[in-house]
Amino acid sequence: MAQLLPGTLDLLILKAVSLAPAHGYGILLRIAQISGGALAIEQGALYPALARLERQGLLDAKWGTSDNNRAARFYRLTPAGKRRLREETDGWRELVEAMTAALAATPEEV
Amino acid sequence: MRWLAWLTSGILNRFRRSRLDRETRDELAFHLASRARDLAAGGLSEDAAERQARIEMGSVETSVERVREARGFPYADEFLQDLRHGCRLLAKNPGFAAVAVLSLGLGIGANSAVFSLADALLLRPLPVRAPGDIVSISTTDTGQDFGARLSYPNYRDLRDRSRSFDGLIAQKLSAFSVAPSAGAAAQMKFGLVVSANFFSVLGIPMALGRGFIQEEERVSGRDAVVVLSHDLWQTSMGGDAGIIGSEIRINGVPFTVVGVTAPTFTGMGLPTALVRSTLYVPLAMETRLYPSRRDANDDRAAGVLAVHGRLKAGVSRAAALAELSPIWSSLAQQYPDANRRLTIKLRSTLEERTFESPPIAVLVAVLLALVSIVLLIACANVANLLLGRARARSREIAVRLALGISRSRLLRQLLTESLLLAALGCAAGLLFAYGGILFLQRFQIATDLPMVIGTRLDGRVLGFSVIAAALSAVCFGLVPAWQSLKTRVVLSLKSAEPGATPRRRTAGRNVLVIAQVALSMTLLVAAGVLVDAFRKALLLDPGFRTTHLLRMSTDTSLAGYSPEQTRLFYRRLIERTEGLPGVVSATLTSGVPLEGWGWAWPMIPEGYRFADDERSNIIWCAAVDEHFFSTMKMTLTRGRAFTARDRVGGPRVAIVNEAFAARYWPGQNPIGKRIRVDATGSAWLEVVGTTATAKYLFIGEGPRPFFYLPVEQSGGSDLTLLVETASADAGPMVAPVRQVFRDLDANLPVYDAVPFATFYRQRAMSLPLTITQMVGAMGLLGLTLAIVGLYGLVAYSVARRTKEIGIRMAIGAGRREVLAMVLRQGLTLALAGIACGSLASVGVARLLTAGLTGLGRPSLFTYAVVPAILVGLTLVASYVPARRASRVDPLLALRDE
């Protein structure tokens with residue numbers, strides 16, 4: 001399992017929620033699923049992060065009913081959250097491209 | 001606006017915290033249940049699945065807490081928690097809290113009180129719109145740092161040609177004879193003659209009516225309009241709301257009241273910030289107000305106007321000066337007679353005030369420096385107390401560190417505690433400051449000039465106190481911070497004597513106490529030097545009579561007298577006054593000694609070679625009549641006094657003082673030499689006598705060159721009558737002499753009518769006395785704080801060494817040896833402090849006396865007495881713990897372990 005880079009937890013949460021509204025545990029499962037089980041999230045960090053994103057107006061939370069008919073808190077993206085996800089995704093791509101190019105450099109290119 | 005939502009949701013969350021916490025718990029419970037179900041579905045037993053889910057989740061409480069933190073404000077809850085903890089600590093240790101808060105309170109209070117004085121004298125911004133944009137524009141005489149003001153024609157040309165300013169205004173302080181109506185008695189009032197744009201450019205708030213309009217400056221003598229100060233409107237006009245449009249008499253001329261300024265505006269504070277203006281009239285009315293004076297508005301050489309400009313947005317002072325300089329050069333070329341010797345200067349308000357009255361600036365700087373030493377001593381005291389508490393604290397800190405608190409979190413906690421102390425100290429300080437300000441407000445100045453020392457507890461003083469408290473918190477807060485960083489957990493927890501070794505532990509405290517003693521020694525020497533200097537001032541012979549004398553002033557130009565009428569009036573005044581029973585003699589002068597102002601002219605003494613860039617020196621002078629030297633009991637050293645023949649048309653003569661003769665004609669006989677004013681066509685004045693050098697402007701001044709002119713040859717109209725009375729107390733004669741004025745001309749206002757002794761006491765004594773009291777109080781404060789610090793340290797070390805002392809006594813040390821040992825500890829500290837302090841105090845004393853050259857060398861008395869006092873008090877402070885040490889019962893002390 002790969003270690004999460006600092007600062008990427010928020011991005012992953014936004015992405016997971018953007019696919020479909022989900023409760024906390026669902027978000028955890030979904031991140032594991034979409035990353036092919038490669039990215040592990042510390043459970044203790046998930047809920048403070050959700051609260052922080054909610055406070056920043058990026059997520060919206062409502063109580064609803066889960067598949068097994070229990071009350072669960074569901075998170076969905078707000079418009080501001082969608083915007084933020086787009087921006088951060090672009091930023092992440094740029095970073096990855098730059099890093100990839102840098103790491104692929106050969107002595108001849110210098 | 002997102003931050004606003006963030007802020008409000010943070011605040012709202014604080015109020016629905018318990019519901020939110022419940023929700024978080026529900027959410028986490030759901031998570032656990034879901035996870036356990038999934039794990040059970042994977043084949044685990046239900047119990048195992050639940051346990052596994054809990055392990056993965058970690059502490060639920062920690063999660064709840066972290067979620068709560070994310071919903072609130074970072075650090076806020078933590079801060080409140082630390083604050084509560086700090087309060088509990090203080091409450092548990094009331095002695096520590098009281099001494100610390102009192103020390104800080106006294107230190108901060110003294111600083112705030114002195115700041116309020118500094119603010120009133122020097123620092124407070126002008127009471128106008130955007131005061132920071134106002135600069136003073138003046139000229140400086142080449143080669144001499146004597147500020148010249150601008151003439152009206154020069155002002156007008158600068159105003160019309162410069163582009164850097166949102167207006168240039170001109171003003172001058174003037175005396176007026178004001179009567180509410182034609183029949184009423186006139187009163188002397190001081191106000192400003194101002195350019196018409198004065199109110200609009202400065203943006204002066206009005207209580208009623210309007211300021212002047214530009215049209216009111218255009219035609220000389222046409223628009224008789226006046227703006228009253230709020231104060232004058234309230235006191236002389238009864239605060240009548242219908243005053244606008246009514247008429248008052250100024251110098252006998254009817255003026256229409258067009259406005260009243262708001263109470264916040266008290267004038268432009270020139271020549272010192274203390275002077276308040278009571279009314280405002282347009283410059284163009286000068287000719288009507290003073291028909292006997294030459295029209296200064298047409299005279300380019302008459303530099304009488306204080307000019308200020310409002311810098312345009314984005315224009316710097318340097319840029320404005322760069323723009324003005326070539327304009328001034330062309331004016332100097334165009335009018336060489338008036339402008340050749342002058343260069344233009346731009347000053348900020350603070351620079352202008354410093355320049356106008358350097359002694360005040362020096363005084364403020366000295367007081368601020370001394371009082372900040374008091375605060376330093378207070379901070380050292382608190383730091384010392386904190387170090388003393390270190391023993392108990394380092395245990396607590398070690399426990400917290402062992403429990404996993406981070407060092408930065410710990411630092412924040414300790415900082416919060418320091419801030420709490422500082423806040424309490426600040427609150428106490430404001431109380432003390434209030435007392436100090438009440439004391440300063442008692443201080444009066446004996447003059448009818450509306451001078452007010454506006455010390456007050458306002459927002460600026462409050463802000464200053466808070467800043468002082470915050471700085472103090474940083475100063476003494478370093479101690480616990482340093483302590484927390486060096487705490488070694490295991491060592492502290494294991495050892496009964498936590499932290500560093502005992503010797504190392506007191507080292508820091510020793511340094512602090514030595515510094516305290518050194519600082520308080522410096523303070524005391526400074527106080528001693530000042531007290532010594534002012535004691536001399538009180539005993540000093542100023543060189544003239546101060547009893548059997550009364551003073552009374554008037555200005556005939558306020559009633560429109562011609563020069564001829566003025567001469568006649570004053571001759572009659574002398575005759576009639578001398579005819580009064582109880583009067584020995586009477587004399588006239590243009591300048592009363594020690595009044596602090598007077599005439600000063602650029603003079604050329606015959607035969608004196610000036611330095612290359614100088615043509616003349618500014619020299620103070622006064623016009624006096626033939627009775628002056630005898631009435632004032634001033635010694636004539638050579639030649640003759642003035643006589644009744646030294647009048648208009650007679651040979652022009654002057655009398656110089658010995659300092660003048662020694663400076664300009666050293667080793668020569670000054671009688672028969674000549675002096676003249678540095679101006680084209682000025683007449684030579686022949687020196688006919690010399691007088692002993694006296695005190696002229698202030699009591700502490702050094703020998704100052706000075707000269708006298710015959711009053712009738714000077715043409716002055718603003719004169720003071722000095723009357724020698726038969727009885728030492730001149731008070732009863734004030735009324736009869738005032739009656740003489742009234743009999744001669746009831747419309748002429750009389751001002752500053754007081755026995756000379758009263759004037760002298762307030763002028764020469766009151767300020768030095770107040771300063772002496774202030775500095776003395778600071779010295780005592782510093783001393784008390786330092787001795788408390790010293791006592792605390794010695795007592796602490798005795799308490800800690802009880803066991804050691806017990807052992808010493810068990811193996812045969814007597815009570816006397818123990819007593820001596822403890823006293824020696826205190827004494828060593830004091831002596832080290834005195835050694836350091838004496839170095840610093842020599843420098844400080846030299847700095848202080850530099851401004852008081854006239855009082856002679858300070859005696860060595862202070863240097864002997866201060867260390868003696870310090871040693872004495874040290875012995876007293878150490879004796880209490882020493883006695884306790886010598887009473888230690890060895891058995892008890894050893895069993896105690």
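Protein chains get the first letters and strands the later ones, always in sequence-line order, with residue 1 at the start of each.
When heavy atoms are compared at a cutoff of 4.5 Å, A/A49 does not approach chain B at all. If you measure heavy-atom distances from B/R68 to chain A, you find no contacts under 4.5 Å at all. Heavy atoms of B/E23 lying under 4.5 Å from chain A belong to its backbone as well as its side chain.
Top candidate by heavy-atom pairs under 4.5 Å with chain A, chosen from B/V64, B/D38, B/L20, is B/D38.
Considering all non-hydrogen atoms of both residues, B/F30 and A/A71 come closest at CD1-O, 3.7 Å. When all heavy atoms of A/A45 and B/R66 are compared, the pair lying nearest together is CA-NH2, 4.3 Å. Heavy-atom minimum distance, B/V67 versus A/P48: CG2-N, 3.6 Å.
No more than 12 heavy atoms of other residues, nucleotides or ligands lie within 6.0 Å of CZ in B/R54, so this atom counts as exposed by the packing criterion. Within 6.0 Å of atom CZ in B/R16, more than 12 heavy atoms from other residues, nucleotides or ligands are found, so the atom counts as buried in its surroundings.
Between the CD atom of B/E27 and the OH atom of A/Y25 there is a distance of 14.5 Å, given to the nearest 0.5 Å.
No donor-acceptor pair under 3.5 Å is formed between the side chain of A/R52 and the backbone N or O of B/A70.
For the pair A/L28/B/H31, a side-chain contact is recorded, criterion being any heavy-atom separation below 4.5 Å from C-beta on.
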